[in-house]
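Contents: one structure, followed by commentary.
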Amino acid sequence: MVDDNNSPGSPDKNRSPNPDGNASPENDAAIDVLARKVQESLVLGKTHKFWETQPVGQFKDIGNTSLAEGPIEQPTPLSEVKQEPYNLPNLYEWITCDIDSEEMCMEVYKLLTNNYVEDDENMFRFNYSKEFLRWALRPPGYFKSWHIGVRVKSSKKLVAFITGVPARIRVRDDIVTMAEINFLCVHKKLRSKRLAPVMIKEVTRRVHLENIWQAAYTAGVVLPTPISTCQYWHRSLNPKKLIDVGFSRLGARMTMSRTIKLYKLPDSTVTPGFRQMELHDVPAVTRLLRNYLSQFAVAVDLDENDVEHWLLPTENVVDSYLVESPETHEITDFCSFYTLPSTVLGNQNYSTLKAAYSYYNVSTKTPLLQLMNDALIVAKRKDYDVFNALDVMQNETFLKELKFGPGDGKLHYYLYNYRLRNPLKPAELGLVLL
Ligand SMILES: CCCCCCCCCCCCCC(=O)SCCNC(=O)CCNC(=O)[C@H](O)C(C)(C)COP(=O)(O)OP(=O)(O)OC[C@H]1O[C@@H](n2cnc3c(N)ncnc32)[C@H](O)[C@@H]1OP(=O)(O)O
């Protein structure tokens, strides 16, 4: 395969300042990578003033297999949880963001659109849509109080944001109610002022108030300590545009027309019984997914309400397809992706990149390769420019063959207040965070 996807143009949360090249995702390699990071930190005199105070795996404990797996700290009585918000610098105030309100949702959208995650070279920035934010922030049992903003007191301008949503996550045999923390953002003009630790402490306090003591999150930066380090892969659907905007490069000895031909996909899907998921499919999809996810060391635990929320197709937010056997009408396979465009920064011809992100996929009868090729075909038909996938679950089995190319940088997975003895391989993760 000609890899024309090696440019720095992947706007993932994978903004590690020192990309790790091609480290293999084996356990030992993962430990090596972490050990190297820690070594670098020591040489640079880099410490984690905030993270060192938190109940997370610490770098000094890497490889110490005598520490037990499970919660690091026990819950405290709710009456001992701090009742008042943490102090902010005087000019700022906390708000709870009512994401149902069109006006509030627009403010959050604008903050993120202008200040959220960029790639290393500042060519692309995530552009989560308002509909996406509403979907991501209002799953079953969500808490409004976990949608937290910081405003300037005088102007009321929103300058920082962090969110949590509840989720059940299974770690080996232990099903743990956690908060999934996402959308941490500080306005560009307020960076490096230690606002992020206050935001994290405040969301932690509000999560504790609901008697929840663990959290899961992903980030492009290395913090103490990843439970796994994954890589994004990119499948060009519109190679000309991707090259024009600098997302990918023309491969060596490749012309534009050969590249277009290389990535061409058929107009229609090939699997008999392949169709969009509908409301009445929720029980069957839930069974299929639960059974599939049970094989991973760490996985999301989804019931029917969760599946309805997270996987029932929502225009421009999440797409789900399944295979219904034409003979037995049994639901045998499932695939899904979510929609996350990126703003193209400083390009004359294009302003956005339309990206699909692989979500949860299950194959029992249709080979995964064929199922995912059908997913690529529908994504292409819906005018996506690129299809992205992490190397989690069984994704490695189709990435190369379906002409995905590796992105640069990594996405690190973390648990708060839950220790794992060793880092996991990406293929041991059954969890995709948005
Ligand atoms: C039980 C319930 C628990 C709930 C909480 C669970 C934990 C949740 C954790 C949050 C999960 C978020 C998941 C996502 O949303 S990941 C997406 C993060 N957002 C972005 O990358 C958007 C663009 N960047 C920014 O808006 C800012 O640079 C941010 C806000 C990221 C940092 O602002 P700033 O650049 O102005 O820095 P500071 O001076 O205020 O603070 C510096 C301290 O902050 C630590 N830092 C930097 N980046 C991250 C990061 N991505 N996760 C955790 N910590 C991070 C850093 O190591 C340092 O601590 P230490 O190294 O000295 O110790």
Side-chain angles (χ1 to χ4, degrees), residues 11-17 37-38 41 44-59 71-76 81 86 88-89 92 111-120 122 124-128 133 136-137 143 145-150 158-167 169 176-227 340 342 409-418 433-434:
D12 314 320
K13 284 182 181 171
N14 54 3
R15 300 171 311 125
S16 161
K37 289 275 178 200
V38 175
S41 302
L44 294 169
K46 226 168 98 180
T47 54
H48 290 282
K49 275 267 153 7
F50 170 65
W51 282 110
E52 279 162 16
T53 67
Q54 297 299 299
V56 293
Q58 297 296 330
F59 289 155
I72 296 169
E73 285 179 359
Q74 291 312 307
T76 52
V81 177
Y86 281 89
L88 280 172
Y92 305 98
L111 174 74
L112 296 179
T113 297
N114 295 318
N115 299 278
Y116 201 48
V117 178
E118 298 179 9
D119 65 300
D120 277 344
N122 313 103
F124 308 96
R125 190 187 305 126
F126 278 149
N127 183 208
Y128 288 90
L133 293 171
L137 296 178
F143 300 97
S145 58
W146 293 7
H147 305 159
I148 307 170
V150 172
L158 183 70
V159 291
F161 191 59
I162 190 166
T163 67
V165 293
I169 295 184
V176 187
T177 301
M178 299 198 189
E180 288 178 357
I181 306 297
N182 204 350
F183 304 115
L184 169 60
C185 182
V186 169
H187 192 286
K188 287 186 176 216
K189 294 207 167 131
L190 292 178
R191 296 274 168 88
S192 305
K193 297 181 189 300
R194 309 300 297 183
L195 195 51
V198 188
M199 311 280 304
I200 294 168
K201 284 195 280 187
E202 181 59 14
V203 77
T204 303
R205 189 185 71 83
R206 296 190 192 195
V207 170
H208 284 168
L209 285 172
E210 303 300 339
N211 201 16
I212 293 172
W213 305 88
Q214 271 75 33
Y217 48 103
T218 56
V221 290
V222 176
L223 306 163
T225 297
I227 60 155
L340 170 49
S342 278
K410 306 280 178 198
L411 184 70
H412 308 280
Y413 277 69
Y414 299 93
L415 294 179
Y416 184 94
N417 195 21
Y418 202 102
L433 300 180
L434 305 171

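Numbers here are sequence positions counted from 1. Note that this is a predicted model, so its numbers are computed, not measured. Both ligands and their constituent atoms are indexed starting at 1 by order of listing.
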Proximal ligand 1 atoms for Gln214, defined as those under 4.0 Å from one of its heavy atoms: 1 (C)
Charged N-O contact under 4.0 Å between Glu202 and Arg206: yes
Atoms in ligand 1 flagged as close to Ser192, the criterion being non-hydrogen separation under 4.0 Å: 34 (P), 36 (O), 39 (O)
Sub-4.0 Å atoms of ligand 1 with respect to non-hydrogen atoms of Val207: 1 (C), 2 (C)
Val186 N/O to ligand 1 N/O under 3.5 Å: yes
Plane angle bin for Tyr128 and Phe126 - parallel if under 30°, tilted between 30 and 60°, otherwise perpendicular: perpendicular
Proximity of Met199 to ligand 1 by residue part, where a heavy atom lies under 4.0 Å: neither
Euclidean distance, Ile181 CD1 relative to Tyr416 OH, rounded to 0.5 Å: 9.5 Å
Val56 side chain near Tyr414 side chain, heavy-atom distance below 4.5 Å: no
Under 3.5 Å donor-acceptor, His48 side chain and Pro224 backbone: no
Option whose closest heavy atom lies nearest to atom 8 (C) of ligand 1, chosen from Leu433, Ile181, Val222: Ile181
Val186 backbone acceptor or donor facing Arg191 side chain under 3.5 Å: yes
Nitrogen or oxygen of Ala215 less than 3.5 angstrom from that of ligand 1: no
Test of proximity, Ala196 against ligand 1: N or O pairs below 3.5 Å: yes
For Thr218, atoms of ligand 1 separated by under 4.0 Å from a heavy atom: 13 (C), 14 (C), 16 (S)
Distance-only side-chain donor-acceptor flag, Asn127 / Thr113, under 3.5 Å: yes
Close approach of Val56 to ligand 1, heavy atoms, under 4.0 angstrom: no
Distance-only N or O hit between ligand 1 and Leu223, under 3.5 Å: no
Flag, side chain of Glu118 to backbone of Arg125, donor-acceptor distance under 3.5 Å: no
Interfacing atoms of ligand 1 (cut-off 4.0 Å, heavy-atom, Trp51): 7 (C), 9 (C), 45 (C), 53 (C), 54 (N), 57 (O), 59 (O), 63 (O)
Option nearest atom 58 (C) of ligand 1 (shortest heavy-atom distance, choices Arg194, Lys201, Arg191): Arg194
Per-atom contacts of ligand 1 with Leu195, taking only distances under 4.0 Å to non-hydrogen atoms: 40 (O)
Part of Trp213 within contact of ligand 1 (heavy atoms, under 4.0 Å): backbone
Option set Val221, Asn417, Asn182, criterion heavy-atom distance to atom 48 (N) of ligand 1, minimum: Val221
Atom NZ of Lys189 with >12 non-hydrogen neighbours under 6.0 angstrom: no
Tyr217 N/O under 3.5 Å from ligand 1 N/O: no
Per-atom contacts of ligand 1 with Lys49, taking only distances under 4.0 Å to non-hydrogen atoms: 60 (P), 62 (O), 63 (O)
Polar side-chain atom of Tyr116 near backbone of Phe183 as donor-acceptor pair, under 3.5 Å: yes
Asn182 backbone acceptor or donor facing Thr163 side chain under 3.5 Å: yes
Backbone of Lys49 reached by a side-chain donor or acceptor of Trp51 within 3.5 Å: no
Within-4.5 Å side-chain heavy-atom neighbours: Tyr217 and Glu180: no
Contact check: Thr47 vs ligand 1, nitrogen or oxygen atoms, below 3.5 angstrom: no
Atom indices of ligand 1 within 4.0 angstrom of Tyr416 heavy atoms, with elements: 1 (C), 3 (C), 6 (C), 7 (C)
Pro197 N/O to ligand 1 N/O under 3.5 Å: no
Of the listed options Val117, Thr204, Ile162, Thr163, closest to atom 4 (C) of ligand 1 (non-hydrogen atoms): Thr204
